[in-house]
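We name chains A, B, ... by the order of the sequence lines, and we start the count at 1 in each one. Atoms considered below: every heavy atom in the structure, side chains included; atoms not considered: hydrogens, waters and symmetry mates. Treat the numbers as computed from the prediction; the structure is a model and nothing was measured.
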Protein chains: 2
Amino acid sequence: MGDTRDIGEPTLEEQIAAYQREFQDLDPQVEKVVSALSRLNRRMNVAYGRQTAALGISNAEWEVLKALVLSGAPYRMGPSDLAKRLGLTPAAMTHRIDRMVAEGLVTRERDESNRVRVIVELTVEGREKWLEAMRLASVFEEDLLQDLSAEERTTLGEVLTRLLRRVEHAQPDAGGRLSDLD
Amino acid sequence: MGDTRDIGEPTLEEQIAAYQREFQDLDPQVEKVVSALSRLNRRMNVAYGRQTAALGISNAEWEVLKALVLSGAPYRMGPSDLAKRLGLTPAAMTHRIDRMVAEGLVTRERDESNRVRVIVELTVEGREKWLEAMRLASVFEEDLLQDLSAEERTTLGEVLTRLLRRVEHAQPDAGGRLSDLD
DNA sequence: TCTGAAGACTTCAAAGCTAAAGTTCGAAGC
DNA sequence: GCTTCGAACTTTAGCTTTGAAGTCTTCAGA
């Protein structure tokens, strides 16, 4: 799942130079931020994949566990809520839950008060898997940010949040331009 | 491909509060950076997906075009180099190239000097598609960073690059800890 | 020249996803 | 009470990716 197949990439600097060469009207500063962001995220996902694989679960399953845990006790959600939360189609959710039920990470039962609904509930085992994964992840994340001072961390968090708000409250139109919604 | 199915997410603040509640030994500052990073990246990919879809290509095809263009003239690469570059298996690359040949974005031919090798070459049409996609992407990216001062952009780029170096030159071990390689 | 090994790509079967078409249940109107 | 509509989930068909097996070519050594 998260193996070392991403070799042979140019360095970030080489890549930006190549962009400059092939597409002149590009702000290298902007491109540096965007490229570093996407590359960093890819590497982090590979790392998370390695960690969850070591626990015998996939990244996909980890995401389901995360959604259930973060929903709070009693750790129950419907399949379509989970699907929306994870950005999957309901059909994909059905299959994913199938697998996780078989592995004992969650249970699935009909809601007795409304028999159309289904309730997916985290098992004790599932919750423990999540905790183990979180322990690994938090060590990794702490290590990742190790070289940043407390002030740098705060600033970084604040800047990223501002960018996030900008994409969240706006939709790029056909031309790519972000138009504010509020 | 990149539609608006990611509704129903808690806000970043709610999510961090939930983490605190369910997993006490977690530095909220670290978690904020990591969560914002991953969320921002997800939103950006949705935006890119919308843009490439408007041009009639998929994000997957866009990545192939990008690799070829950035390799520089004459825009040629072998399937396995492309596969390594994109983090795919050679098998997936074969199929992806099939589709792109059918769409006229690239050509595939045997290398005459070594008939085991195959050369994938960008067509003029493929190069133009990439340029169109880049024009859209650069507008979006410029808009995204609009609220950041020149100084903030520089700092952000520099900090992200430092983080990137930290993941690139180190591999998380079983326990998640980053061990330097150099 | 022949043989064996390694490399580069393709083919095949199976996993996981999406979109669209069911299926089942609940609620609202007649 | 019956019908119709809508909601929530599942099923089905088709696509993309993976891992493993297969094919073809090159190269080194006998």
Checklist entry - Sequence neighbours excluded, which residues qualify as side-chain hydrogen bond (donor to acceptor under 3.5 Å, both in side chains) partners of B/E14? => result none
Checklist entry - Under 3.5 Å, is there a donor-acceptor pair between the side chain of B/R166 and the main chain of A/D147? => result no
Checklist entry - Once you round it to whole Å, what is the distance between P of D/dG19 and CG of B/L88? => result 11 Å
Next on the checklist: Without decimals, in angstroms, what is the distance between A/L82 CG and D/dT10 P?
Outcome noted: 12 Å
Sort me out a list of protein N/O and nucleotides 20-25 of chain C N/O pairs below 3.5 Å, or just none if empty.
none

Checklist outcome for this item: To the nearest angstrom, the CD-P distance between A/E61 and C/dG16 comes to 8 Å
Checklist entry - With nearest nucleotides of DNA chain C determined for A/E112 and A/H95 from heavy-atom distances, which residue corresponds to the more 5′ nucleotide? => result A/H95
Checklist entry - Starting at CD1 of A/I119 and ending at P of D/dT10, how long is that distance when rounded to a whole Å? => result 13 Å
Checklist entry - Closer to the 5' end of DNA chain D via nearest nucleotide, is it B/M93 or A/A92? => result A/A92
Item to check | Under 4.0 angstrom between B/T89 side-chain N/O and D/dG19 OP1 or OP2 | outcome: no
Checklist entry - Is the shortest side-chain N/O distance from A/R117 to OP1 or OP2 of D/dA7 below 4.0 Å? => result no
Item to check | Spacing of A/L86 atom CG relative to C/dG16 atom C1', expressed in whole Å | outcome: 14 Å
Item to check | Presence of salt bridge, B/K129 and B/E125, under 4.0 angstrom | outcome: no
Item to check | B/T52 vs B/S58 side-chain heavy atoms within contact, under 4.5 Å | outcome: no
Item to check | d(NZ, B/K84; C1', C/dA8) in whole Å | outcome: 10 Å
Checklist entry - By salt bridge (Lys or Arg N to Asp or Glu O under 4.0 Å), which residues pair with B/R39, not counting sequence neighbours? => result A/E168, B/E9
Checklist outcome for this item: Rounded to whole Å, the CG-P distance (A/D98 to D/dT12) equals 13 Å
Checklist entry - Taking the six-membered ring for Trp, are A/Y19 and B/W130 parallel (under 30°), tilted (30 to 60°) or perpendicular (over 60°)? => result parallel
Next on the checklist: Does C/dC17 have OP1 or OP2 under 4.0 Å away from a side-chain N or O of A/R99?
Outcome noted: yes
Checklist entry - Side chains of B/L156 and A/L37: does their closest heavy-atom pair fall under 4.5 Å? => result no
Checklist entry - Can you check the A/R76 CZ to D/dA8 P distance for me, whole Å? => result 18 Å
